[in-house]
Amino acid sequence: MITGPLITIVDDDDSVRESLPDLLMELGFAVHAFSSREEFLASDFVRETKCLLLDVDMPSMSGPGLQLELRRRQQEIPIVFITGHGDESVRPSLLKQGAVDCLFKPFSETALLAALNAALQTSFNGRAKCAMDCEQV
Amino acid sequence: MLRIMGAYQETTQVQSEHSRVVDALPGLVWTALPDGQVDSVNQRWIEYTGRSLEETRGWGWQSAIYPDDLPGLLTRWRSTLASGEASEIETRLRRFDGEYRWFQLCSFPLRDDDGHIVRWCVLETDVDDRKRDEALLTGEKRVLEMLAWGYSFPVVLDALCRLVEDTTTGCYCSVVLVDLTGTHLEHGAAPSLPASFITSIIGRPVNLDSGPCAMAAYLNEQVIAPDLTSETRWAEYEWCPMAMAHGLKACWSTPISSTTGKVLGAFAIYYDKPRTPTPVQQSLINRFTHIASIAIERAQSDAALKTSEARKAAILNSALDCIVTIDHEGCITEFNPAAERTFGHRRDDVMGKQLADVIIPPSFQERHRRGFARYLSTGEAHMLGRRVEMTALRADGTEFPVELAITRTPIDGPASFTGYLRDITVRKQAEEELRRSEAFLAEGQRLSRTGSFSWRVATDEITWSEELYRIFEFDQRVQVTLELIGTRVHPDDVPLMRDMIDRARGAGSDFEYEHRLLMPDQSVKYVHMVGHGIRHNDGRLEYIGAAQDVTQHRLSEEALGKARSELAHMARVTTLGMLTASIAHEVNQPLSGIITNASTCMRMLAADPPNVDGARETARRTIRDGNRASDVITRLRALFGKDGPTTESVVLNEATQEVIALSLSELRRSRVILRTELADDLPPVRGDRVQIQQVILNLLLNASDAMSGIDDRPRHLVIRTERDQGDQVRLTVQDSGVGFEPQTVDSLFEAFYTTKSSGMGIGLSVSRSIVESHHGRIWASPNDGPGATFSFSIPTSSVGVATESGPGAERMSAVTKGNG
């Protein structure tokens, strides 16, 4: 039934893990939610994830830390950070490190869709780039 | 007489007629030859002496002369014969019954025409009564003189007895006295009676039975015992045998009474033959008794005077006060030893000198003289009968203060004065010291705005110090009463004061309380009152206490409380800054949920067909998250809103959990691993919930900060609540951070002390002031391992209720009033 690209949510907040998947599904995405990065990394969904919605303020490994880990695994997934702290100052550094976007809670459906589209575009481009790279090889 | 004798010579015819004339003369007559030999006597001579002419003739008359008088008489008779001149001499002649009487013998010569003495005629006139009277008068005079000259009492009485014995031939005389108690006889005088007789009389009781003198004194009546051989009275004391053993046969005892009728003693005359007093003797006895009474009374008043003199001397000599007497001219007539010591003058040196010159300083002398002169001339006295203070002069010229009282000596004649002086240098100094110390006290009271009072509970007599009047703004002339005080007490505090008074009346225990006064100008004063109950020996209860005007203190306390409150608020706002991210997170999280869920809900409803179940679920979540956000806001408002402090029952665990909820995300962000160990059975505490939470939050954030640089070990943080000793509950925050240097433990809680570059250093200081205002304490201790432990404990509400009636609670409520 759900055929859209897989969006994976990593957030320790119950409320987010509860509400966001429903909305994304209504928007036609496939969704998986994890309460911690470790859980996510240990799952089978890493490869299939087209976009990662990642909470900045995770008690254990920080958001950017996960990004580095994924890069190390050569599993670069477009990441959209979400944060509840409303601290605008974190945004530039996150973007600089390669994040697609940074959403400040609470964010609107429109902002979410825009970010996801951008991410999926990146993902597509990335895949295309990847495919082209493979073909060139 | 000459003519008679001449006629005798001229005409012998009329001799028998002449002899009848001679016989009729009121005297005894005899004639003698020129050589002194008696040749005739008249009939009266024969009758008086009981001697015939034959027995008298020649020198036979000598046997009629009192033996003691005879030598003097013979000498005089011979010299008369030799001179041929008339002469007079007095001598005692023996009467036929043996009694001697005084006669005046007038001898004159009868001469012939040639002038030759032919005969001597001797006329003897009875002068006994006159003589006796004379002797008596002389004797009395002598006795009275002795009295006047101050002869001792026994000597005077002795003389009196001798006078009696001389006047009344053949008797023995004694005087006994009644002792001071009026019950026994004492010795007076008895010059001619045997000592053994006297000693057996002395000491006998004054009654009817112990003897005639005792009886006379007892009855105040004369007792005559004319013949002891037949006397039956006083047998019980065997008085008669005793007297007769001393050769006495008669006793006449007469009481001696004072002018007021009091019996002083008895006067007794004894004879060695039975006798009854003749009227003449009776009158003599009366006279002697009278003299004796004068003597005794005089002696007694002398003794009284002597006692009084001795007393006066003792008073003068031993008086601690100086006693100086002066006469009407201002000259010193007495100067006692105390005066000698005080003024440094010797009595002998100043007696008779002008008082003014001796003890009055020159500057006052003129005034003294004027005052003295005015009194003497007008009787107007400024000094008399008053106690005055003045300056006196010592012999060495120094001046010193004395207290002086002058009285006019109450005697007749020229005025005389007695002055009592006392050196009051020491007292003056003490008074000065007392005055100074009182001044100090008053000044101290004024400066400290503390008045003192005493309250006698039974009578409600209240005494106030000056300062207390000032505090209450009452006139000092007003008598303070509880009612009057009540008019100043703030209407809201009147019940408090009544309660205090009732309690103080009953218990007698110390009290301390604070209340407000409402002054006439509507200003309010705070008064702190402390009373100490004293139970006097007679059971009366009195409170001594102090009342302090603490208005300034209270106002500054209020200002301080306000400042503290501001500071606490500032600290909270600072904390808010630190929590901004956390709080935003706490709010944004549910907001995010709300928006997401609402979006989902709309999509679900817009679907064809609408997903109603899903929409309902998401709407439910929306509401839940809305509430969650609302809770956060409420908590934030409670913690950071500027509400005044309140006092309520606070469950410490709930308060702690709320703080944890609010700061949880911050703690997480700081990677703090929090463990809570909250005891289940904690009683509530009484206090301000927000303030307590502020302390907890502050400790949590401090702990989190202390661990922010720690990466080599887990950032463990333990919050623990538990019961503490003494009805207190304790909250402990234990971290594993950098800890603190032990020597800084004292300054940790001081304002602006901080180890952090970003902190203001007011968190712990504010926390301490909050905890202390809850009658609790806060402290820090290093851990055995890394990190530190901060704890506070505050009393549970049961303790808080108990302290509410104390002054602390009052003060606290006063503090809180200004901050509403």
Side-chain angles (χ1 to χ4, degrees), chain A residues 1-2 4 7 9-29 31 33 35-37 53-65 80-91 102-116, chain B residues 577-608 610-629 631-632 664-674 704 711 714-715 717:
Chain A
M1 186 185 84
I2 295 163
I7 311 291
I9 303 167
V10 180
D11 197 319
D12 62 346
D13 189 84
D14 294 341
S15 168
V16 172
R17 288 203 312 276
E18 191 179 58
S19 59
L20 204 50
D22 281 2
L23 180 61
L24 290 172
M25 281 190 282
E26 285 296 318
L27 292 171
F29 295 102
V31 188
S35 64
S36 73
R37 289 145 232 228
L53 283 173
L54 184 58
D55 185 18
V56 180
D57 313 307
M58 299 288 281
S60 53
M61 201 183 291
S62 69
V80 173
F81 282 102
I82 53 177
T83 173
H85 285 299
D87 186 0
E88 298 276 352
S89 61
V90 298
R91 186 185 162 92
C102 181
L103 296 176
F104 293 94
K105 293 177 186 174
F107 42 82
S108 68
E109 189 187 292
T110 317
L112 177 63
L113 271 173
L116 283 176
Chain B
M578 293 165 67
L579 277 180
T580 307
S582 179
I583 290 163
H585 187 257
E586 288 299 310
V587 179
N588 286 338
Q589 217 67 296
L591 281 181
S592 179
I594 288 165
I595 289 169
T596 308
N597 282 316
S599 301
T600 311
C601 182
M602 280 177 69
R603 290 201 168 270
M604 285 174 166
L605 289 174
D608 190 17
N611 180 358
V612 177
D613 288 345
R616 186 180 292 122
E617 173 58 19
T618 50
R620 190 190 58 75
R621 288 183 202 150
T622 309
I623 293 166
R624 187 203 60 201
D625 286 351
N627 285 337
R628 185 177 151 195
D631 285 350
V632 173
L664 196 56
S665 66
E666 166 69 20
L667 294 174
R668 263 192 210 155
R669 204 166 61 95
S670 303
R671 302 203 303 282
V672 170
I673 302 161
L674 177 69
S704 174
D711 289 319
R715 298 178 181 180
L717 194 159

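Letters go in sequence order (proteins before strands), and every chain restarts at 1.
- Chain A is approached within less than 4.5 Å, heavy atom to heavy atom, by B:I595, B:T596, B:N597, B:S599, B:T600, B:R603, B:M604 from residues 595-604 of chain B, ordered by number.
- Partners of B:I623 according to the side chain to side chain contact (heavy atoms under 4.5 Å, CB included) rule, which considers only residues two or more places apart in sequence or in another chain, are B:N627.
- The two residues A:S15 and B:G593 have their closest heavy-atom pair at OG-CA, 3.7 Å.
- Qualifying side chain to side chain contact (heavy atoms under 4.5 Å, CB included) partners for B:P714, counting only residues two or more places apart in sequence or in other chains: B:I673, B:H716.
- When side chains are defined from C-beta on, A:K105 does not count as touching B:L591, because their heavy atoms never get closer than 4.5 Å.
- Comment: A:D13 engages B:R628 in a salt bridge, judged by a side-chain N to carboxylate O separation of less than 4.0 angstrom.
- At a heavy-atom separation below 4.5 angstrom, chain A is approached by B:T618, B:R621 within residues 613-621 of chain B.
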